[in-house]
Enquirer: 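Here it is, the structure in full.
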Amino acid sequence: MPEPRAADPDAISQAARLLKAGELVAFPTETVYGLGADARSDEAVASIFATKNRPSFNPLIAHFAEVAQARQEVLFDERAEKLAEAFWPGPLTLVLPRREGCRISLLCSAGLDSQAVRLPSHPVARALLAECGIPLAAPSANLFGRISPTLAQHVAEGMGDRVAMILDGGACEVGVESTVVELLEGPARLLRPGAITLADLERVIGPLKARLSGPITAPGMLESHYAPQAAVRLEAEHVGPEEALLAFGPRPLEGAAVTENLSPSGDLLEAAAHLFAALHRLDATGAPAIAVMPIPDEGLGLAINDRLARAAAPRPVEAFAESN
Ligand code: TXA
Ligand code: MG
């Protein structure tokens with residue numbers, strides 16, 4: 001099991017090299033330890049989900065060194081500018097519209113047209129982000145369903161053998177995940193409470209819409225979640241000439257109007273990496289239906305099939321507690 005490494009300048013530049021090469025590095029933030037990867041790389045983001053053993057895709061936060069970098073990828077309105085000015089760097093995450101040409105992986109947004117962004121204040125996180133110069137996708141560095149890590153040792157115990165490096169920056173000061181605020185059309189909404197309180201936020205931008213009642217709703221279940229216009233037909237064994245085909249593996253069905261193969265070699269990580277972009281492209285062709293070839297229900301296939309099942313059967317959904 002790789003031991004956590006003290007976050008000296010050498011370790012930080014090695015971590016930055018690993019991240020730029022598409023590897024996963026756990027690093028401290030002021031809230032909890034994050035499991036970091038290049039947010040622009042579909043494959044690197046897919047490996048976050050594989051490493052966390054998540055059975056579904058949850059959108060991830062992109063972390064930046066500077067506000068100017070975040071502004072290149074998402075649209076800041078006046079409320080976002082005020083909150084960034086008041087609380088960044090710090091434990092606040094803003095969910096903002098993706099810009100046209102946003103370079104952050106669609107898998108990081110879980111197919112939504114919004115992207116969560118944050119500037120952490122922890123000196124090690126800041127040094128690492130500055131050294132890499134790229135946005136880092138980073139969920140809490142725990143396995144699915146386990147508690148969030150506030151010490152490097154927690155990360156080592158939970159997933160030490162699954163990451164290229166663990167940067168040790170001591171205990172996380174805040175200890176709970178960042179406050180998440182959605183700033184899309186309509187009133188601002190608190191999606192996840194955290195160290196920046198509702199009162200703190202309201203002092204800066206006025207009243208927020210009440211948090212969704214009950215436990216936090218997983219965004220994958222929200223109506224706003226991207227669903228194709230086309231009907232989605234799962235477990236397809238044949239395909240019609242008007243249909244678009246979402247293929248998987250070396251023997252794609254023949255006869256579709258248009259085909260996207262998630263992974264010609266049948267690799268689930270590659271398939272996860274391409275899922276949302278492929279769905280968007282197929283949907284954009286205007287085909288009335290998307291036929292989806294069977295995808296094995298194992299490893300990342302579970303998360304892929306979860307997403308496809310929702311796309312196939314949009315339905316009102318129950319809230320459930322977050323445990324990512
Ligand atoms: O403090 C933190 O935020 C830590 C550190 C590492 O920065 N990260 C963290 O990430 O807690 P994660 O992935 O465990 O939680 C991200 C939260 C989830 O509740 C997710 O649903 C929400 O942010 N979120 C991310 N993108 C979203 C989006 N586009 N729309 C709505 N909610 C979003
Ligand atoms: Mg988490």
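Atoms within a ligand are numbered from 1 in the order they appear, just like the ligands themselves.
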Enquirer: Looking at every heavy atom in both Val45 and Ser105, which two are closest together, and how far apart are they?
Expert: CG2-CB, 4.1 Å
Enquirer: Looking only at heavy atoms of Ser140, does any of them come nearer than 4.0 Å to an atom of ligand 1?
Expert: yes
Enquirer: Ile61 heavy atoms, cut-off 4.0 Å: which ligand 1 atoms fall inside?
Expert: 3 (O), 8 (N), 9 (C), 10 (O), 16 (C)
Enquirer: I'd like to know if Glu260 pairs up with Arg281 as an ion pair, taking the criterion as any Lys NZ or Arg NE/NH1/NH2 lying under 4.0 Å from an Asp or Glu carboxylate oxygen.
Expert: yes
Enquirer: For Asn58, counting its heavy atoms only, list the atoms of ligand 1 lying under 4.0 Å from any of them.
Expert: 18 (C), 20 (C), 21 (O)
Enquirer: By number and element, which atoms of ligand 1 are closer than 4.0 Å to a non-hydrogen atom of Leu112?
Expert: 28 (C), 29 (N), 30 (N)
Enquirer: Go through ligand 1 atom by atom and flag the ones less than 4.0 Å from a non-hydrogen atom of Leu191.
Expert: 31 (C), 32 (N)
Enquirer: Backbone or side chain, does any N or O of Arg192 fall under 3.5 Å from an N or O of ligand 1?
Expert: yes
Enquirer: Which of these, His122, His63, Arg118, sits in a side chain to side chain donor-acceptor pair (under 3.5 Å) with Thr29?
Expert: Arg118
Enquirer: Please determine if Arg71 forms a cation-pi arrangement with Phe76, meaning its NZ or CZ atom is less than 6.0 Å from the six-membered ring centre and no more than 45° off the ring axis.
Expert: yes
Enquirer: For residues Arg99 and Gln115, is any side-chain donor paired with an opposing acceptor at under 3.5 Å?
Expert: no
Enquirer: Tell me, do Val74 and Leu94 make a side-chain contact under 4.5 Å, heavy atoms counted?
Expert: no
Enquirer: With atoms numbered from 1 as shown, which atoms in ligand 1 lie under 4.0 angstrom from a non-hydrogen atom of Ala138?
Expert: 6 (C), 8 (N), 10 (O)
Enquirer: Taking atom 28 (C) of ligand 1 as the point of reference, which of Thr29, Val95, Thr93 owns the nearest heavy atom?
Expert: Val95
Enquirer: Out of all atoms in ligand 1, which are within 4.0 Å of some heavy atom of Thr31? Include the element for each.
Expert: 1 (O), 2 (C), 4 (C), 5 (C)
Enquirer: I want to know if ligand 1 touches Ser178 in the polar sense, i.e. an N/O pair below 3.5 angstrom.
Expert: yes
Enquirer: I'd like to know whether ligand 1 has His63 as a neighbour, heavy-atom separation below 4.0 Å.
Expert: yes
Enquirer: Consider only side-chain N and O atoms of Asn142 and Ser140, and report whether a donor and an acceptor are under 3.5 Å apart.
Expert: yes
Enquirer: For Leu96 and Val117, what are the C-alpha separation, side-chain angles and deciding distance, and is it a side-chain contact (heavy atoms from CB on, under 4.5 Å)?
Expert: CA-CA 8 Å; Leu96 300 174; Val117 296; 4.1 Å; yes
Enquirer: Pairs of nitrogen or oxygen atoms closer than 3.5 Å, one from Glu177 and one from ligand 1: do any exist?
Expert: no
Enquirer: With a 4.5 Å heavy-atom cut-off, do Ser265 and Glu270 have their side chains touching?
Expert: yes
Enquirer: Got an N, O or S from Asn142 under 2.8 Å of the Mg ion (ligand 2)?
Expert: no
Enquirer: Answer with yes or no whether Ser114 contacts ligand 1, where contact means a heavy atom under 4.0 Å from a ligand atom.
Expert: yes
